[in-house]
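Reckoned from all heavy atoms, side chains included, excluding hydrogens, waters and symmetry mates. Residue numbering restarts at 1 for every chain, and letters A, B, ... go by the order of the sequence lines.
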Protein chains: 2
Amino acid sequence: MEKGPLGRRRGRGARERILSASQQLFRDQGINRTGMDQLCAVAQVSKRTAYQHFTSKDELVAEYLRRFDPDVMPGVFDRTDLTPRERLLAAFEIPASTPLCPYIAAAVELHDPQHPASQYARDYKTAIAARLTETAREAGATNPEQLGEQLALLIDGASARTRVLNSESFPTAAAIAAVLIDNAIPASSPRQPSDDRGTTGSAPVPVGAQ
Amino acid sequence: MEKGPLGRRRGRGARERILSASQQLFRDQGINRTGMDQLCAVAQVSKRTAYQHFTSKDELVAEYLRRFDPDVMPGVFDRTDLTPRERLLAAFEIPASTPLCPYIAAAVELHDPQHPASQYARDYKTAIAARLTETAREAGATNPEQLGEQLALLIDGASARTRVLNSESFPTAAAIAAVLIDNAIPASSPRQPSDDRGTTGSAPVPVGAQ
DNA sequence: ACCGTTCGGTACAGATCGGTCTACATAGCT
DNA sequence: AGCTATGTAGACCGATCTGTACCGAACGGT
């Protein structure tokens, strides 16, 4: 994008432009409703080049999902300025503009558990749950695996519900999370144990997706 | 095929066959991956007849979603043999074969909040939450609206997660529900307040969908 | 400055989609 | 039986999708 308008930007970064356009279009329109023609036009890439980098649209979709990992994972969990408990709650402070977890959307749209993209979706969900479990362990939960899985379920529920209804469901999920966390941590937490509500008062967390 | 006693008109249940085939195919293959040709073949209906009953596929999809209401709503909530608390927990005993809440699937596949089917999806989700709220009130919850909304979110989360991962997530949701219910009911519930786990021991609830 | 490589633009092929229309079969009424 | 209305079977149309082929233009090494 450094080359100006009407950019005769030569091949370098074609792959990145394709993936960037995929993120935008798949998010805004869905996977099935985005054709390769439109995608190539947005990416300013010829179809020839597109099919040189990705042998098929399925492969592009798979790579599109795989690429989300590095973007999303470090969002909340690396914030050392927060206690583990605050980090767990911060995972629910998702901006309302965030559409729907792309992994859920892809799993529904592709409708094929054998699709390579579906495998990446499972990997991502598992990784998120593992991160939550790890943080739950830091927070002193008696059963970190259980708490991590529970919080992951809450995130997905809020994401799906936000999509179907228009109302924001993450505050509801955060309230549930607060109850679960307080019930799961025996007596002494690293900080005050009674926060009652999900909002920790810190700045919105710049998490890329849920 | 039987010549049903459906009345003087020759409406030999073509409309019902179409809707029945829709339920099966949309569930097994998804909406976008099911063509009208295949649908008519399964329903044993000519395309002419199909487009006589439904002016477009969009209208068929909307009616397919609208038809779920009477099938699903009475599943759990009308079981007078259970206490309100048991009814709330029974809502999480969903057979593993149940694929994905068709309303979530439709909202993702259609990808258009203005689609009439999306409106039915919102209506259904609102109705389910209302039923849960009503039952929560019977159970003596201090804030029935909040508990109903929370339980609805858990159901959707388990449904979405079951779809993306293969693992069954409803037991996890049921465990959360048990915690929330116990926290939401002040002191005296109509039955013993400590059931510990989500399984009430009753027979699996024949709920059609989540 | 030449030449090979690569990319953009685009026409095209093959398949499939939603939706329409015609030709033929059948059931009910009189 | 004959008439009429409705249903079936399926060809057909235009649009759209994925993926391929071709051609000219713009770079890079020498």
Side-chain angles (χ1 to χ4, degrees), chain A residues 1-22 25-26 28-64 106 109-112 115-117, chain B residues 1-22 25-26 28-65 106 109-112 114-117:
Chain A
M1 207 159 293
E2 54 265 62
K3 190 67 172 290
L6 209 66
R8 277 281 184 263
R9 196 72 193 114
R10 204 56 189 180
R12 269 189 306 284
R15 186 184 181 89
E16 293 307 314
R17 288 203 307 277
I18 296 170
L19 287 170
S20 176
S22 300
L25 293 174
F26 290 166
D28 295 344
Q29 309 179 347
I31 296 173
N32 290 330
R33 301 182 110 79
T34 300
M36 290 297 286
D37 285 320
Q38 183 191 11
L39 200 151
C40 291
V42 171
Q44 289 183 315
V45 162
S46 74
K47 296 184 71 173
R48 174 196 170 90
T49 306
Y51 280 96
Q52 230 161 326
H53 284 286
F54 307 95
T55 63
S56 67
K57 185 183 179 183
D58 282 338
E59 186 182 311
L60 171 59
V61 171
E63 187 66 13
Y64 147 74
E109 284 206 82
L110 302 175
H111 213 276
D112 176 16
H115 195 290
Chain B
M1 56 190 77
E2 79 285 353
K3 43 198 68 175
L6 284 175
R8 27 199 341 92
R9 277 297 183 194
R10 191 99 49 82
R12 284 227 297 272
R15 188 185 178 89
E16 292 308 313
R17 289 205 305 277
I18 295 170
L19 287 169
S20 175
S22 300
L25 292 175
F26 290 166
D28 295 345
Q29 309 179 349
I31 295 173
N32 290 330
R33 300 182 108 78
T34 299
M36 290 298 288
D37 285 321
Q38 183 192 12
L39 199 150
C40 291
V42 170
Q44 289 183 315
V45 163
S46 74
K47 295 184 72 174
R48 175 193 170 90
T49 305
Y51 279 96
Q52 232 162 325
H53 284 285
F54 306 96
T55 64
S56 67
K57 185 184 180 182
D58 282 339
E59 185 182 312
L60 171 59
V61 171
E63 186 67 12
Y64 146 75
L65 279 194
E109 284 205 81
L110 302 176
H111 212 276
D112 176 17
Q114 306 303 324
H115 195 290

Nearest-angstrom distance from the residue atom [atom1] of [X] to [atom2] of [N]:
{"X": "Glu16(B)", "N": "dG7(D)", "atom1": "CD", "atom2": "P", "value": "14 Å"}
{"X": "Arg17(A)", "N": "dG8(C)", "atom1": "CZ", "atom2": "C1'", "value": "10 Å"}
{"X": "Leu39(A)", "N": "dG19(D)", "atom1": "CG", "atom2": "P", "value": "12 Å"}
{"X": "Gln44(B)", "N": "dA25(C)", "atom1": "CD", "atom2": "P", "value": "19 Å"}

(request) State, to 0.1 Å, how close Phe26(B) and His111(A) come at their nearest heavy-atom pair, and which atoms those are. (result) O-NE2, 4.5 Å

(message) For a quick check of understanding: with a heavy-atom distance under 4.0 Å over all strands, which category does Thr49(A) fall into, base, sugar-phosphate or nothing?
(response) sugar-phosphate

(message) Please determine whether a side-chain nitrogen or oxygen atom of Ser46(B) lies at a distance below 4.0 Å from atom OP1 or OP2 of dG7(D).
(response) no

(request) Under the side chain to side chain contact (heavy atoms under 4.5 Å, CB included) rule, collect the residues that match up with Ala106(B), sequence neighbours excluded. (result) Ile31(B), Leu65(B), Leu110(B)

(request) List in chain and number order the residues that pass side chain to side chain contact (heavy atoms under 4.5 Å, CB included) with Asp28(B), two or more places apart in sequence or in another chain; answer none if no residue qualifies. (result) Gln24(B)

(message) I'd like to check the side-chain hydrogen bond (donor to acceptor under 3.5 Å, both in side chains) partners of Glu16(B); sequence neighbours left out, ordered by chain and number.
(response) Arg67(B)

(request) Could you name each residue pair satisfying salt bridge (Lys or Arg N to Asp or Glu O under 4.0 Å) that touches residues 51-62 of chain B, not counting sequence neighbours? (result) none

(request) Quick one: which residue pairs count as a salt bridge (Lys or Arg N to Asp or Glu O under 4.0 Å) with a foot in residues 37-56 of chain A, not counting sequence neighbours? (result) Asp37(A)-Lys47(A)

(message) At under 4.0 Å between heavy atoms, how does the protein contact nucleotides 15-20 of chain C? Give one character per nucleotide, 5' to 3', with B, S or -.
(response) ---SBB

